[in-house]
Peer 1: 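Sending over a structure as structure tokens; questions will come in a sec.
Treat the numbers as computed from the prediction; the structure is a model and nothing was measured.
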Amino acid sequence: MQLTFASYNIHKGVGLDRKRDPERILSVLHEIDADIVALQEADRRIGERASVLPRAEIDDTHWRVIEVAKRPRSIGWHGNALLVRRDLEILSGEALDLPTLEPRGAACGEIVVEGRPLRVIGTHLDLSGLRRRDQIRSLLAFVGACTRDLPTVIMGDFNQWGRTTGAMREFSSDWQIVTPGRSYPSRQPVATLDRIVASKHWRLVETEVHHTGLAAVASDHLPVIAKLELLK
């Protein structure tokens, strides 16, 4: 069984032209056509933390939201949201808090694909290296404390430049760190901030940075993609 995972920091829907254009973000998602998508900066940071992607427009796509929000107009938690194809069964969604000085968190969902339960986590880590380490430790502690050893994928904006340095060293050999390539800034990317990390249950099939004309202006980050095969 193969699934396509994508992570995309959508910069609250604001592109390089400084226009907030949710439909443009959705168009990029349609270009990618992933099975499971982790979004960062999907909600506004003030007020009711309203989603920058209108629910009605998401409802017109072939994805649906894994519900983790604690506010009615939000689709995520501290800007992290998860979208999955409508034909995938959602078992649960949970908002995770991460240790930090400013609001940070993660969105966690359990889904079933072809009878196999999976766990997916979307996150946006801190700018500080020390706090990034603490946040990854917190995520790994959460996964380790879960009663079921499910195939797990953690993806998002890790805010880490080095591919295997710094906070990324917190992942043991049981995890494979997929760094598709340079994804920030979107027009002429130089930094590998966005990653997909898979548990030992998966085999990496292929990976890429989605760099199209539309993606280059829709946000300040480019989406990253990984096709993973679930081992028997």
Peer 1: Quick one: does any side-chain atom of Glu208 pair with a main-chain N or O of Val224 as donor and acceptor, under 3.5 Å?
Peer 2: no
Peer 1: If we only count heavy atoms from C-beta on, is the Ile75 to Ile58 side-chain gap below 4.5 Å?
Peer 2: yes
Peer 1: Under the 3.5 angstrom rule, does the side chain of Trp77 hit a backbone N or O of Leu96 as a donor-acceptor pair?
Peer 2: yes
Peer 1: In terms of side-chain heavy atoms, does His201 have a donor or acceptor partner in Ser199 at a distance below 3.5 Å?
Peer 2: yes
Peer 1: Does either side chain, that of Asp33 or that of His62, offer a donor lying less than 3.5 Å from an acceptor on the other one?
Peer 2: yes
Peer 1: Are the side chains of Asp43 and Val52 in touch, meaning some heavy atoms are under 4.5 Å apart?
Peer 2: no
Peer 1: Taking atom CG as the centre, does Leu130 end up with more than 12 heavy-atom neighbours from other residues, nucleotides or ligands that are less than 6.0 angstrom away?
Peer 2: no
Peer 1: Which heavy atom of Ile32 sits nearest to which heavy atom of Ala6, and what is that distance?
Peer 2: CG2-CB, 3.9 Å
Peer 1: Of all heavy-atom pairs between Arg169 and Thr164, which one has the smallest distance, and what is that distance?
Peer 2: CG-O, 3.5 Å
Peer 1: So, Ser186 and Asp220: side-chain donor and acceptor under 3.5 Å apart, yes or no?
Peer 2: no
Peer 1: Just so I know, are the side chains of Thr152 and Trp202 near enough to count as touching, which here means a heavy-atom distance under 4.5 Å?
Peer 2: no
Peer 1: Evaluate the side-chain contact (heavy atoms from CB on, under 4.5 Å) criterion for residues Ile196 and Thr207: first the C-alpha distance (whole Å), next the side-chain angles of each, then the deciding distance (0.1 Å), finally the verdict.
Peer 2: CA-CA 10 Å; Ile196 296 170; Thr207 185; 5.8 Å; no
Peer 1: Would Thr179 and Thr192 count as a side-chain contact (heavy atoms from CB on, under 4.5 Å) here? Give the steps.
Peer 2: CA-CA 7 Å; Thr179 307; Thr192 56; 3.6 Å; yes
Peer 1: With the side chain counted from C-beta on, respond yes when Leu230 and Arg116 share a heavy-atom pair under 4.5 Å apart, and no when they do not.
Peer 2: yes
Peer 1: Is there a path from Tyr184 to Leu222 through hydrophobic residues (I, L, V, M, F, W, Y) whose side chains come within less than 4.5 Å of each other?
Peer 2: no
Peer 1: In Å, rounded to the nearest 0.5 Å, how long is the span from CZ of Arg132 to CG of Asn159?
Peer 2: 6.0 Å
Peer 1: Would you give the length of the straight line joining atom CG of Asp194 to atom CG of Asp157, rounded to the nearest 0.5 angstrom?
Peer 2: 5.0 Å
Peer 1: Going by atom types only, do Gln40 and Ser7 share a side-chain donor-acceptor pair under 3.5 Å?
Peer 2: yes
Peer 1: Under the 3.5 angstrom rule, does the side chain of Ser219 hit a backbone N or O of His221 as a donor-acceptor pair?
Peer 2: yes
Peer 1: Can you check side-chain contact (heavy atoms from CB on, under 4.5 Å) on Leu83 and Arg64, steps first, answer last?
Peer 2: CA-CA 5 Å; Leu83 305 179; Arg64 55 183 173 143; over 6 Å; no
Peer 1: Under 3.5 Å, is there a donor-acceptor pair between the side chain of Asp35 and the main chain of Thr4?
Peer 2: yes
Peer 1: Minimum heavy-atom separation for Arg195 to Gln160, with atom names?
Peer 2: NH1-O, 2.8 Å
Peer 1: Restricting to non-hydrogen atoms, name the atom on Val120 and the atom on Met155 that form the minimum distance, rounded to 0.1 Å.
Peer 2: CG2-CE, 3.6 Å
Peer 1: So how far is it from Arg24 CZ to Ile10 CD1, rounded to the nearest 0.5 Å?
Peer 2: 11.5 Å
Peer 1: How long is the span from the CD atom in Glu31 to the CD1 atom in Ile225, to the nearest 0.5 Å?
Peer 2: 9.5 Å
Peer 1: Do you know which two heavy atoms are closest between Pro22 and Pro54, and how far apart they sit?
Peer 2: CB-CD, 3.8 Å
Peer 1: Inspect the surroundings of CZ in Arg187 and state if more than 12 heavy atoms from other residues, nucleotides or ligands are less than 6.0 Å away.
Peer 2: no
Peer 1: Above 12 or not: heavy atoms from other molecules or residues under 6.0 Å from CD of Glu48?
Peer 2: no
Peer 1: Should we count CZ of Arg182 as having more than 12 external heavy atoms under 6.0 Å?
Peer 2: no
Peer 1: Would you name the heavy atoms of Cys146 and Arg119 that are closest together and state the gap between them?
Peer 2: CB-NH2, 3.3 Å
Peer 1: Rounded to the nearest 0.5 Å, what's the gap from CG on Leu98 to CG on Asn80? Could you check?
Peer 2: 8.0 Å
Peer 1: Could you walk me through whether Phe5 and Val178 pass the side-chain contact (heavy atoms from CB on, under 4.5 Å) check?
Peer 2: CA-CA 11 Å; Phe5 294 82; Val178 180; over 6 Å; no
Peer 1: Can you find a heavy atom in the side chain of Val37 that is under 4.5 Å from one in the side chain of Leu29?
Peer 2: yes
Peer 1: Quick check: Trp63 with His30 (ring centres under 6.0 Å apart)?
Peer 2: yes
Peer 1: State plainly whether the residues Arg55 and Glu67 are in salt-bridge range, i.e. N to O under 4.0 Å.
Peer 2: yes
Peer 1: Determine, for Arg133 against Glu170, whether the closest basic-nitrogen to carboxylate-oxygen distance falls under 4.0 angstrom.
Peer 2: yes
Peer 1: In terms of hydrophobic clusters joined by side-chain contacts under 4.5 Å, are Val65 and Leu26 together?
Peer 2: yes
Peer 1: Would you find more than 12 non-hydrogen atoms of other residues, nucleotides or ligands less than 6.0 Å from Arg163 atom CZ?
Peer 2: yes
Peer 1: Quick check: do His210 and Val28 have side-chain heavy atoms less than 4.5 Å from each other?
Peer 2: yes
Peer 1: Any side-chain heavy atom of His124 sitting closer than 4.5 Å to one from Glu41?
Peer 2: yes
Peer 1: Answer yes if Val209 and Leu204 sit in the same cluster of Ile, Leu, Val, Met, Phe, Trp and Tyr residues linked by side chain heavy atoms under 4.5 Å apart, and no otherwise.
Peer 2: yes
Peer 1: Do Leu193 and Phe158 come close enough that some side-chain heavy atom pair is under 4.5 Å?
Peer 2: no
Peer 1: First locate atom CG of Leu82, then atom SG of Cys108, and finally report the distance between them rounded to the nearest 0.5 Å.
Peer 2: 8.0 Å
Peer 1: Would you say the side-chain atoms of Arg104 pair up with the backbone N or O of Leu125, donor to acceptor, closer than 3.5 Å?
Peer 2: yes
Peer 1: Please confirm whether the backbone N or O of Pro103 pairs with a side-chain atom of Thr100, one donor and one acceptor, at under 3.5 Å?
Peer 2: no
Peer 1: Which residues pass the side chain to side chain donor-acceptor pair (under 3.5 Å) test with His211, sequence neighbours left out?
Peer 2: none
Peer 1: Do other residues, nucleotides or ligands put more than 12 heavy atoms under 6.0 Å from the CD atom of Glu229?
Peer 2: yes
Peer 1: Okay, side chain of Ser74, backbone of Ala69: is any donor-acceptor separation there less than 3.5 Å?
Peer 2: no
Peer 1: Counting only N and O atoms by type, is there a donor-acceptor contact under 3.5 Å from the side chain of Thr123 to the main-chain atoms of Gly105?
Peer 2: yes
Peer 1: Assess whether salt bridge (Lys or Arg N to Asp or Glu O under 4.0 Å) is satisfied between Arg137 and Asp134, documenting all intermediate values.
Peer 2: CA-CA 5 Å; Arg137 289 170 184 161; Asp134 289 341; 3.3 Å; yes
Peer 1: If hydrophobic clusters are built by linking Ile, Leu, Val, Met, Phe, Trp and Tyr wherever their side-chain heavy atoms come under 4.5 Å apart, do Leu140 and Val197 end up in the same one?
Peer 2: yes
Peer 1: Indicate, with yes or no, if Ile136 and Ile154 share a hydrophobic cluster defined by side-chain heavy-atom contacts under 4.5 Å among Ile, Leu, Val, Met, Phe, Trp and Tyr.
Peer 2: yes
